[in-house]
Protein chains: 2
Amino acid sequence: MTRADTRIQKKNQAVILEAGLKVFSQYGFRGSTLDQVAEAAGLSKPNLLYYFRSKDAIYTALLAKLLENWLEPLRAIDPMGEPVDEILAYATRKLDMSQHFPRESRLFANEIIQGAPRIGEVLSGELRELVDEIAVVIDGWAAAGRIKPVDPYHLIFTIWSLTQHYADFDVQVRAILGDVDPFDGAATHLEAMLRGLLQPK
Amino acid sequence: MTRADTRIQKKNQAVILEAGLKVFSQYGFRGSTLDQVAEAAGLSKPNLLYYFRSKDAIYTALLAKLLENWLEPLRAIDPMGEPVDEILAYATRKLDMSQHFPRESRLFANEIIQGAPRIGEVLSGELRELVDEIAVVIDGWAAAGRIKPVDPYHLIFTIWSLTQHYADFDVQVRAILGDVDPFDGAATHLEAMLRGLLQPK
DNA sequence: CGTGGCTTTGACCAGTTGGTCAAATATTGA
DNA sequence: TCAATATTTGACCAACTGGTCAAAGCCACG
């Protein structure tokens with residue numbers, strides 16, 4: 001069967017996606033070449049194209065995989081939980097992702113900066129709906145006096161921007177901090193910031 | 001004289017840089033082509049190369065121009081001023097830059113994400129020194145009880161990340177906010193956040 | 001074993017890329 | 001006005017790009 005995923009197929013597809021992530025996250029789609037991906041994967045170019053129809057197919061597969069992990073933490077916010085804890089947990093989780101999956105973050109950043117040609121619909125569809133739901137929850141918390149009044153959308157942007165900054169601008173952050181590990185101070189700072197913004201007096 | 005900058009030279013160099021900014025800020029250096037820049041500039045490709053030695057020269061010229069404007073607001077922070085006002089003024093200025101010069105922000109973001117191959121030294125040199133100086137000032141303010149204790153480096157990262165987010169992730173922000181102007185709420189939110197973080201009770 | 005399908009590859013292709021160059025065309029100053 | 005200079009361009013090039021293909025190697029299973 002041409003269809004069955006043999007062990008070799010599974011392995012090589014994974015190898016190629018790993019290589020694609022490495023290359024695409026640094027140079028973006030247009031700035032990357034199949035030769036680069038092939039080299040990073042340790043496979044020949046025609047061999048890449050035996051497993052994926054095209055350069056585009058590799059990139060698209062990566063984006064699809066990424067989007068799952070990207071949206072999931074948002075869904076994990078519990079409207080029934082303790083507001084400040086919930087938001088803090090979300091922010092911490094995003095920060096962890098930046099620390100442990102910086103290439104995924106950069107892949108996403110590259111795609112967005114370039115105008116999100118392939119995921120624009122997800123952004124204005126699925127993502128927007130999700131954020132709208134969370135916004136209602138946060139507004140509810142504020143109305144109940146459980147957090148200080150805050151614009152939920154910009155609160156979410158704050159969390160996104162700061163956490164992803166440590167992944168996307170890694171080079172700059174490290175250039176400034178020198179030997180200090182960015183993620184040590186980041187977690188503490190993020191918590192202080194969000195508490196200052198949210199915690200009712 | 002081949003040297004003299006005639007009116008035509010001045011004008012065409014400016015046209016090319018404007019076109020280069022447009023193209024490079026969206027696709028990054030490697031993802032952009034001279035033909036794209038030429039088309040955006042309304043000039044032929046060989047004509048571009050009459051004014052700039054190479055694709056690289058255009059890009060480098062843009063980066064150099066950008067770095068000036070990028071570092072300048074940091075220098076404008078006045079150690080003698082009122083702490084919260086100074087920091088708020090800096091943040092507001094950065095936000096204004098994101099609003100009015102989003103392409104410059106994206107050009108910078110692209111360069112950093114790709115590992116800052118051309119400006120790495122500026123980051124770990126000039127920029128780092130500048131930030132170190134500001135950090136001392138902020139620490140001084142904190143020690144004097146004029147602001148709450150805060151990690152100055154992560155405070156600066158917070159301001160950078162959030163303000164630049166509105167430029168770099170413009171597509172995503174607008175996808176979520178729909179018709180609402182991002183910069184309306186952003187300014188208010190940014191101020192609230194920084195006051196919550198900094199203002200001594 | 002051997003054979004049929006899975007996997008890999010070298011050779012190749014057409015289109016694109018950054019860049020060159022000589023010739024043509026504007027522009028300027030005496 | 002006209003020649004010297006500045007500007008513009010069409011034609012071209014070698015290197016690189018994503019992608020194809022037929023042939024060769026490899027492997028499991030009868």
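Order of the sequence lines sets the chain letters (A, B, ...), proteins ahead of strands, with each chain counted from 1. It should be emphasised that the depicted structure is a prediction, and the values quoted were computed from it without experimental measurement.
Figure legend: cation-pi geometry between A/Arg30 and A/Phe24 absent, as NZ or CZ is not positioned both under 6.0 Å from the six-membered ring centre and within 45° of its axis.
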Distance-only criterion, 3.5 Å: show the donor-acceptor pairs between side-chain atoms of residues 135-150 of chain A and protein atoms not counting sequence neighbours.
| from | atom 1 | to | atom 2 | distance (Å) |
| --- | --- | --- | --- | --- |
| A/Trp141 | NE1 | A/Pro79 | O | 3.4 |
| A/Arg146 | NH2 | A/Glu82 | OE1 | 3.4 |
| A/Lys148 | NZ | A/Gly196 | O | 3.0 |

Name every donor-acceptor pair, under 3.5 Å, that has one atom in a side chain of residues 63-78 of chain A and the other anywhere in the protein, sequence neighbours excluded.
| from | atom 1 | to | atom 2 | distance (Å) |
| --- | --- | --- | --- | --- |
| A/Glu72 | OE1 | A/Arg93 | NH2 | 2.5 |
| A/Arg75 | NH2 | A/Glu126 | OE2 | 3.4 |
| A/Asp78 | OD1 | A/Met80 | N | 2.8 |

Result block: side-chain N/O donor-acceptor pairs under 3.5 angstrom for residues 182-193 of chain B, not counting sequence neighbours:
| from | atom 1 | to | atom 2 | distance (Å) |
| --- | --- | --- | --- | --- |
| B/His189 | NE2 | A/His154 | O | 3.3 |
| B/His189 | NE2 | A/Thr158 | OG1 | 2.7 |
| B/Glu191 | OE2 | B/Arg195 | NE | 3.0 |
| B/Glu191 | OE2 | B/Arg195 | NH2 | 3.0 |

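The CD atom of B/Glu104 lies 8.0 Å from the CE atom of B/Met97; values are rounded to the nearest 0.5 Å. B/Trp160 CH2 to B/Ser98 OG: the interatomic distance, rounded to the nearest 0.5 Å, is 13.0 Å.
Put simply, NZ on B/Lys55 is 18 Å from P on D/dA15, counting in whole angstrom units. A straight line from CG of A/Leu49 to P of C/dC6 spans 19 Å, rounded to a whole angstrom.
The side-chain hydrogen bond (donor to acceptor under 3.5 Å, both in side chains) pairs that include a residue from residues 106-115 of chain B are B/Tyr59-B/Glu111, where partners are two or more places apart or lie in different chains.
For B/Gln199, the CD atom counts as densely surrounded, since its 6.0 Å shell holds more than 12 non-hydrogen atoms of other residues, nucleotides or ligands. A/Glu39 CD: 12 or fewer foreign heavy atoms inside a 6.0 Å radius.
Note on B/Gln9: a side-chain N or O is less than 4.0 Å away from OP1 or OP2 of D/dT7. Phosphate proximity of D/dA6 to B/Asn12: absent, as no side-chain N or O sits under 4.0 Å from OP1 or OP2.
Residues passing the side chain to side chain donor-acceptor pair (under 3.5 Å) test with A/Thr60, sequence neighbours excluded: A/Asp56. For A/Tyr51, the ring pair (Phe, Tyr, Trp, His ring centres under 6.0 Å) criterion is met by no residue, not counting sequence neighbours. Shown here are the ring pair (Phe, Tyr, Trp, His ring centres under 6.0 Å) partners of A/Tyr153, two or more places apart in sequence or in another chain: there are none.
Here B/Phe52 lies out of heavy-atom contact (under 4.0 Å) with every strand.
Residues of residues 56-66 of chain A that place a heavy atom closer than 4.0 Å to DNA chain C do not occur. The stretch residues 22-38 of chain A has no heavy atom under 4.0 angstrom from DNA chain C at all.
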Do any N or O atoms of the protein come closer than 3.5 Å to N or O atoms of nucleotides 22-30 of chain C, and which pairs are they?
none

For nucleotides 9-15 of chain C, print each protein N/O atom paired with a nucleotide N/O atom at under 3.5 Å, atom names and distance only.
| from | atom 1 | to | atom 2 | distance (Å) |
| --- | --- | --- | --- | --- |
| C/dT9 | OP2 | A/Ser44 | OG | 3.2 |

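Shown here for B/Leu194 and B/Ala91, the closest heavy-atom pair between the two residues is CD1-CB, 3.6 Å. In this structure, B/Asp168 and B/Ala109 approach most closely via the heavy-atom pair OD2-CB, 3.5 Å.
Terminal axes of the helix from C/dC1-D/dG30 to C/dA30-D/dT1 (five pairs each, C1' rotation axis) are separated by 10°, to the nearest 10°.
For the pair B/Phe157/A/Gln172, no side-chain contact is recorded, criterion being any heavy-atom separation below 4.5 Å from C-beta on.
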